[in-house]
> 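Below is a structure I'd like to ask you about.
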Amino acid sequence: MQPGLFDAPELHWQRLPARYALARMVNAALVNLLVGGLVVATAWLLPLPLPGWLPWLLTVAAVGWTLWRVVRAGRWATAFGYLERAEDLLIVRGLWTRELAAIPYGRMQSVQVNTGPVQRLWGLAGVSLVTASIQSNASIPGLPHDEATRLRDRLITAGESRALPL
Amino acid sequence: MSLLPPSRADGQPPDPTADTTPPVTPETPVTPGPAPTAPESSAAKRTERAHPLTPLIRGWVVLLAVLFSVGRELLPRGDEEEWRLPPLEWLLLGLLAACLVAIATGWWSWLATRFVMDAEELRLDSGMVFRRSQRIAFARIQSIDVVQPFAARLFGLAELQIDLGGETAKLRYLALARAYSLRDYLLQRAHAAPVDAAAPGPRTPTGPLDLNARLNDLQAPDQVLVRIQPPALLLAAVTSHEFFAILLGGVAGVAAALWLDQPWLLLAFGIPTISALFGFVSRRIIGQFNYTLSRRPSGLRISRGLTTLTSQSLPARRVQAAQVSQSWLWRLLGIHRIDLEVLGWGALTDNEDRSGVSTIMLPCGDADQVRVALAALWPAVDFRQIALTPAPPRARWLHPFAAPFLSWGHDDRLLVVRRGVLVRRWQIVPLARVQSIQVQQGPVSRRLGLADLAVHTAGMQLSVTASGTDASALVPQLPVLLDLAGTSPAQDVAEPVVDQPQPSEGPEARRADQADPTMSSSE
């Protein structure tokens, strides 16, 4: 069978750690529960002139939406893949809209490791690549912190040895 | 503009006379005469002033502004009944005073402005009360523009703008021939060309410039590649899609007026439309008048303009992508336009009468002129030779109108994307300029077996995306494309085909070689 457009060309995709999927799921759950909870609480507790079935409907919708978001968040994280090849870095991401981005090492201008308070809590960090074009959206979220630093160093070394002129 | 001269970076010894000059305190009487900042130590140094007519031209602008504002105050407003003109003597006296003040300040400023340009340094001293002395490192010069505003053009003068990346140093006004020679000298210096240290700086050829130099900034070794005649510009303007957009708006307004049976609406829509059409056409023709693309030893050059002559050099290596476009009427007439995405030039130009740099390479031209222009830019390649793969017929589901025209293709140097419905576009990207590649497939595309291929360039002005391509055909194509984009070709597309004797491959040689195309100069 012919390989698909988003299959790894040579080996398997390097995936993000399961911890990152969990982190995304927890994050999605918290955010959705907060927003959904506010809506549901308003519908139940405030004396609004609403038909009796509406609070029930809202509750079901909020729970369903939260579940959906949590599942999708996890699946997004497991669908994310990257691959360090000899000359370029490939990134594949997305569920509905699949995206494959290829960034030649020679085009990289800088590589950043960034992490926020919540990400640090999970021991995760993101790596993003900067090229001369802001359209190239090349970032890998949620790597273990040491791995992110190592990846950055590998990428920079690879980029320096191949730097292409603008 | 910073007061610090940007000369530290290149390790030149600081010029004590130039750099340590503090801003003179306001109470210091500044007498016109030999400028205090002129270094006494280097009496042999030739400092230069702008053209003596400068205060007149600058004063002229001030005078116009004064006349305009005062005139508006003095004109009857209509609602005031007992309005009367002040006595004529007073008016004339005021005018005279304004004139004198304008000329005096202009003259003072002219006296205070001096510059030095020789083998050693480029320094500008200016300021009437607060003085500044700016020394510019030759290597830092990004581009040099010679601009000729209308008033200056009447006297054969021009303004020299030295772009240093962040800031622009201005020398105004100089005789046109002097401005050209200073520009050429600076361009040469910025190319890091060796300069005879004993040479006294730029020389100006004596004698008046000939007509060609005046009208087009053309010099003897220049080779004219494309010249667009005014009738062709007129034809292109009245058949362009912008023209029809304005016309359509006006027609809609007039139709509404007729339908509502309101004759006054007819005027309200008709007159602005007519004036907008007229303005659009005349702006285009004035802005692109006598459009000439020429080649001179230092690179490509575009000159254009009727009232304001703009002549800019086109740094071929900084061109990231090109777009050839054709609106529907232009297709019948065989007219094309070329826009370029140039690193550092910012947004694509849509305002054709702008006098600064323009990203339009060819405002209108037939297929042959397009070929000549693109061959001048990228001599080694021809985008029409590249076999394009059309989007499969099922792409109609996603792109109902554009599908028949969508296609893309590449060879080992160029990637060409064809797209567009009303305005058809060929987007051409040298693979050596591709920063990254992205393939995208939405849910519908997945069902149809289609995918979108986007290439990202550093200019970020053209979004080059091949939409609705066959996904299964892309699978074997993609690795090839990635390899091409990720490796530097032996020879850049912007380099001439003819093999020139290669300079010695030291870092210096490469630096100078790369510095060359990043220079631009415009007038």
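Scope of the values below: all heavy atoms of this structure, side chains included, with no hydrogens, waters or symmetry mates. It should be emphasised that the depicted structure is a prediction, and the values quoted were computed from it without experimental measurement. Naming convention: chains lettered A, B, ... in sequence-line order (proteins, then strands); numbering from 1 in each chain.
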> Most heavy-atom pairs under 4.5 angstrom with chain A, which of B/V439, B/D452, B/D483?
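Highest number of heavy-atom pairs under 4.5 Å: B/V439.
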> Given heavy-atom pairs under 4.5 angstrom as the criterion, report whether the side chain, backbone, both or neither of B/L478 touches chain A.
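For B/L478, the contact with chain A is made by the side chain alone.
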> More than 12 heavy atoms of other residues, nucleotides or ligands under 6.0 Å from CZ of B/R418: yes or no?
yes
> Given that the side chain runs from C-beta out, which part of A/L89 has a heavy atom under 4.5 Å from chain B: side chain, backbone, both or neither?
neither
> Has A/W44 got more than 12 heavy atoms of other residues, nucleotides or ligands less than 6.0 Å from its CH2?
yes
> Check salt bridge (Lys or Arg N to Asp or Glu O under 4.0 Å) between A/E147 and all other residues, then give those that pass, not counting sequence neighbours.
A/R150, A/R154
> Under 4.5 Å, heavy atom to heavy atom, which residues of residues 440-451 of chain B contact chain A?
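Interface residues of residues 440-451 of chain B: B/Q440, B/Q441, B/G442, B/P443, B/R446, B/A451.
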> Could you tell me which residues satisfy side chain to side chain donor-acceptor pair (under 3.5 Å) with A/W68, sequence neighbours excluded, listed by chain and number?
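With neighbours one apart ignored, the set is empty.
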> Under a 4.5 Å cut-off applied to non-hydrogen side-chain atoms, are A/R85 and B/L482 in contact?
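When only atoms from C-beta onward are counted, B/L482 and A/R85 do touch, with a gap below 4.5 Å.
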> Which atoms form the tightest heavy-atom contact between A/P104 and B/A485, and what is the distance?
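What the structure gives for the nearest pair is CG-O, 4.0 Å.
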> Which residues pass the salt bridge (Lys or Arg N to Asp or Glu O under 4.0 Å) test with A/R98, sequence neighbours left out?
none
> Between A/R107 and B/V434, what is the shortest heavy-atom contact and its length?
NE-O, 2.8 Å
